[in-house]
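Whatever order the structure lists them in is the order used to number ligands and atoms, beginning at 1.
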Amino acid sequence: MNTHKICILKGDGIGPEIVKEAVKVLDCCAEKYNFKIEYDEALLGGCAIDACGTPLPQETIDKCKKADSVLLGAVGGPKWDKLPGNERPEAGLLGIRGALGLFANLRPAVIFEPLKGASPVKDEIIGDSLDLMVVRELTGGIYFGERGRRVSDGETEAYDTEQYKVSEIKRIAKVAFDMAMKRNKKVTSVDKANVLEASRLWRETVIEVAKDYPEVELNHLYVDNTAMQLVRNPKQFDVILTNNIFGDILSDEASMISGSIGMLASASLNAGNAGLYEPIHGSAPDIAGQNIANPLATILSVAMMLRYSLNESEAADAIENAVNKVLVNNRTPDIYTEGTNRVSCSEMGDLVCKALS
Ligand code: IPM
Ligand code: MG
């Protein structure tokens with residue numbers, strides 16, 4: 001029997017409650033699909049600041065490195081908002097991405113059949129489905145470039161640097177093209193090559209990588225145009241390949257088009273098969289501890305983990321099918337519509353388990 005080692009980072013806000021439901025579902029899968037899970041747990045974000053005085057303790061890095069996969073809830077909250085940048089919970093998240101080499105961030109934006117009406121974009125634009133994948137570079141660019149403050153002409157000036165090496169662009173481009181080969185064979189590379197030198201290198205390098213993928217259609221869009229096209233005609237996209245900061249912004253936009261930010265999962269992968277899996281939404285401190293959060297994005301992150309890191313694709317498919325089935329009649333408050341049952345976070349986890357077995 002296969003044993004998978006998973007490190008759990010509950011994080012802050014609703015993190016602990018949504019992760020609890022995802023673990024419930026993972027345990028159901030383990031039983032049904034005959035594998036074993038060995039759990040470990042560590043602190044990241046605000047809870048780590050409170051317990052250890054740092055958002056990313058060394059022990060957390062060590063535990064994550066030993067695991068086959070990491071499952072994260074969410075980090076951050078108003079309690080830690082006044083801390084300086086490098087001591088905030090978010091710095092812990094960037095730190096773990098860097099420490100584990102998680103350069104490839106996959107953010108699917110899909111519409112779940114029972115939630116079709118939830119998109120704020122008109123029906124005729126969405127049609128009967130939406131399924132695009134944002135492939136975001138996650139350990140480079142302006143997030144990791146040189147930054148600081150200095151005095152210039154007698155006043156304070158701040159700077160952040162967008163920088164990319166050819167090797168960094170190549171490896172993320174490959175992920176996008178490989179992904180496209182398994183999907184509809186289309187990559188849209190997003191940059192700002194009309195202004196930024198880092199974007200010009202990005203575009204040149206992506207064109208080079210594309211030569212190894214003759215079956216994939218490649219086109220290039222500027223980021224401002226992409227933001228517009230996502231609302232005007234989202235169905236033109238299959239895989240969107242982009243840098244760290246544009247990917248941050250466009251993946252939020254794409255998720256909103258699907259109408260269900262509480263539903264979307266993400267994977268952050270390194271050069272091996274290990275990865276960190278987390279919902280794309282935040283820690284929602286305003287509803288923490290009330291058992292009303294939507295655990296489905298975290299549950300679907302477990303499905304991505306089973307597919308991309310643990311080679312248990314049958315179990316991954318089963319979770320996604322179970323979620324679609326449960327959604328027909330049951331909704332947490334964030335996605336509630338009249339005529340369905342309003343269920344709590346823990347009830348949602350139970351329902352998915354029941355639909356699995
Ligand atoms: C995300 C988040 C993070 C990011 C923040 C919390 C640092 O917005 O994962 O999209 O900007 O990468
Ligand atoms: Mg973001």
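Between atom CZ of residue Arg97 and atom OH of residue Tyr143 there is a gap of 7.0 Å, rounded to the nearest 0.5 Å.
Remark: distances from the non-hydrogen atoms of Glu278 to ligand 1 are all 4.0 Å or more.
Coordination check, Asp252 versus the Mg ion (ligand 2): failed, since every N/O/S atom of the residue sits at 2.8 Å or beyond.
Ligand-side atoms of ligand 1 in range of Arg136: 1 (C), 4 (C), 9 (O), 10 (O), 11 (O), 12 (O), range being under 4.0 angstrom from any heavy atom. Near Arg107, meaning under 4.0 Å from any of its heavy atoms, are these atoms of ligand 1: 1 (C), 9 (O), 10 (O).
Ser266 places no side-chain N or O within donor-acceptor distance of the main-chain N or O of Ile280, the cut-off being under 3.5 Å.
Among protein heavy atoms, atom 4 (C) of ligand 1 sits closest to Tyr143 OH, 3.5 Å. Looking only at protein heavy atoms, the nearest one to atom 8 (O) of ligand 1 is Asp248 OD1, 3.2 Å.
The name of the N, O or S atom in Asp248 nearest to the Mg ion (ligand 2) is OD1.
The hydrophobic cluster containing Val323 also contains Leu115, counting ILVMFWY residues as joined when their side-chain heavy atoms lie under 4.5 angstrom apart, directly or transitively.
With distances taken over non-hydrogen atoms, the option nearest atom 3 (C) of ligand 1 out of His281, Glu90, Arg97 is Arg97.
Of the residues listed (Lys63, Lys10, Lys20), the one engaging Glu41 in a salt bridge (Lys or Arg N to Asp or Glu O under 4.0 Å) is Lys10, and it is the only one. For the pairing with Arg107, the side chain to side chain donor-acceptor pair (under 3.5 Å) check across Ser251, Ser268, Ser255 returns one residue only, Ser251.
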Could you go through Leu300 and Phe112, starting from their C-alpha distance and side-chain angles, then the distance that decides it, and tell me whether this counts as side chain to side chain contact (heavy atoms under 4.5 Å, CB included)?
CA-CA 12 Å; Leu300 291 163; Phe112 296 84; 3.5 Å; yes
